[in-house]
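Every value quoted in this text rests on a predicted model; they were computed, and no experiment measured them. One-based numbering, in listed order, for ligands and for the atoms of each.
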Amino acid sequence: MQRGTNLGRLGDFNQAVIFESIRRAVDGVSRVELAGSTGLSPQTISNVVRRLLDEGLVREDRTIVSGPGKPRTVLELEANRMVAVGIHLDPGVITVVMLNLRGETLHSRRVDIPAVEVPEKTIEAMAQTVDEIISESGVPRTHVLGVGVVVPGPLDPERGVMVDPPLLDGWKDVEILEPLQRLLKLDVVIEKDTIAASIAEQWKSNDAERDNFLTMYVGAGIGAGMVLNGEVHRGISNNAGEVGHFSTGIVAQECTICLRNDCLHASLSFNLIAQNARALGLNLTVPDEGTAEERASGMNEIVTMAKSGNENAVQLIRQCMSHVGQVAGQLCNTLDIGLVIMAGPLWSEVGEWCLDEVRGIINERFSSKNVHAIEVRSSTLGHEVGAIGGACAIMDASLSPKAAALLLR
Ligand SMILES: [Zn+2]
C-alpha cells in the first residue's frame, strides 16, 4: 500500500493515493480505513474525499454491517464516471478498447490496417476508430481521460516517434504522438507493447501478485516486461525488455543481426519455422522469405492447422514457444521473481498447447529452484492485452500515485 504525506504541496499526490485506495476496494472502504492504510490525517482524508465527491469520482451512500458495532459508511468508486481509451498497433491489425476507472472493458473493436506502408493513413484510421467508439459509447468527450497508444518498439517517447519497428515496413522514424493529439484533441501517451502488457497485467492482478512479476509478450515480436517492487521497469529510454537476441542454448541458424546462431530471433525466424513446417509435412502457401504480411499469414496458417487437430503443427508451435521459455528462465534467474505471465496476441492463440512445457522449462532453468518455484500462467486478457495496457497507462499517468506520475506534475 502506498503511504501518503501530509505536506500541503503534495495535495495532488495524496488525492491520487486516496483515489487509488478507493478504486482498489471492491467492497468499498470507510474513511477510518483510509486513514489507517494511507497514514494520512482525518482532516486530509476529509478534504480530499470532498473533492472526489464533488467531481463525482466516488460516492458515499452505502452503509455495511460487519461484525459488532456501528454500521460503517463506505466510499465507493463511481467506475463509469471517467473512461480511458487504448489503441494497439500490431502488424496487420489495430485494436481499440475503452475502459472504465476499474479497468473493465466497456467497448472494444478490431480493424484491419488500411495500408501498412502509409503510416498517415493508419494513424487517421486509429483516430477515426477512437472517435467512433467514443460517440457510440455516449460518454461525453470531457469524461475521456485520454488515449494510450501502444506500438512495437523501439520508440523515442520524448519525441513520440516510432524509431524502426522491425515488423512494420515503412514505419522508420514515424511521428505518432503529435498527429494523434492533433486529430483527437485528447491527451495521448505512447508505450511499447511489451511494457503496456505489463501495465495491463498489473492493473488486473491481485494484491499478492501485483508487485513483482515478468510478462513474456508473444506477438509479432517477442519481448519481456518486468514489474519490480510495484513499478514497471522501463529503462532510461522506455525501451527495456528487448530479449530477441538472448541465447536459447539451442543451435538454430546464423542470426543476421547479432551473428550468433542460437538467439531467440534466429530460432523464431519465419524462414526456419517454414522449413521445419515443410519437413513435418505441413503445406504453407507463403514463401519462406516473404514480406512481413506473408510471414504473419504463414504463422496464422500453422496456427489454423494446429487448431484443426494437426499434431505436427501443435508440435512445431510448442517447439517455438519452448525457446521463449529458455529466455524467460534466464530472466527469472536475473530478477528472482515468482510469477511469469505469458501474454500477447500470438500466445492467446497457442498458449493452451504450450503452457505446461514452457512452465517446465522456466522452472528447469531457474537456479534457485530449491528455494522457490515459479508460477507460470497465461494472461486472461487475450489479444487485447496491448490495447488494455494503453488505456491503463493513460489512467496511470492521470490518476495513480506512481513515482513517475508524481514527477510529471
Ligand atoms: Zn540474434
Excluding sequence neighbours, so at least two apart, what forms salt bridge (charged side-chain N to carboxylate O under 4.0 Å, His left out) with K307?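 By the salt bridge (charged side-chain N to carboxylate O under 4.0 Å, His left out) rule, K307 matches E349.
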
What residue pairs, at least two apart or across chains, pass side-chain hydrogen bond (donor to acceptor under 3.5 Å, both in side chains) with a residue in residues 214-223?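 For residues 214-223, and leaving out neighbouring residues, the side-chain hydrogen bond (donor to acceptor under 3.5 Å, both in side chains) pairs sorted by first residue read H88-Y217, S198-T215.
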
Residue and atom, protein N/O/S, under 2.8 Å of the Zn ion (ligand 1):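 Near the Zn ion (ligand 1), the protein supplies H245 ND1, C255 SG, C258 SG, C263 SG.
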
Please report, to 0.1 Å, the donor-acceptor pairs under 3.5 Å made by any side chain of residues 254-267, with sequence neighbours excluded.
{"unit_1": "R260", "atom_1": "NH2", "unit_2": "H245", "atom_2": "O", "d": "2.9"}
{"unit_1": "D262", "atom_1": "OD2", "unit_2": "S247", "atom_2": "OG", "d": "2.7"}
{"unit_1": "S267", "atom_1": "OG", "unit_2": "C263", "atom_2": "O", "d": "2.7"}

Between R359 and D356, does any NZ, NE, NH1 or NH2 come within less than 4.0 Å of an OD or OE carboxylate oxygen?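 Yes.
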
May I ask you to decide whether E175 forms a salt bridge with R182, counting only side-chain N to carboxylate O separations under 4.0 Å?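 Between R182 and E175 there is no salt bridge, as every charged N stays at least 4.0 Å from the carboxylate O atoms.
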
Do Q330 and Q326 have side-chain atoms, one donor and one acceptor, less than 3.5 Å apart?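 No pair is found: no donor N or O on one side chain lies under 3.5 Å from an acceptor on the other.
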
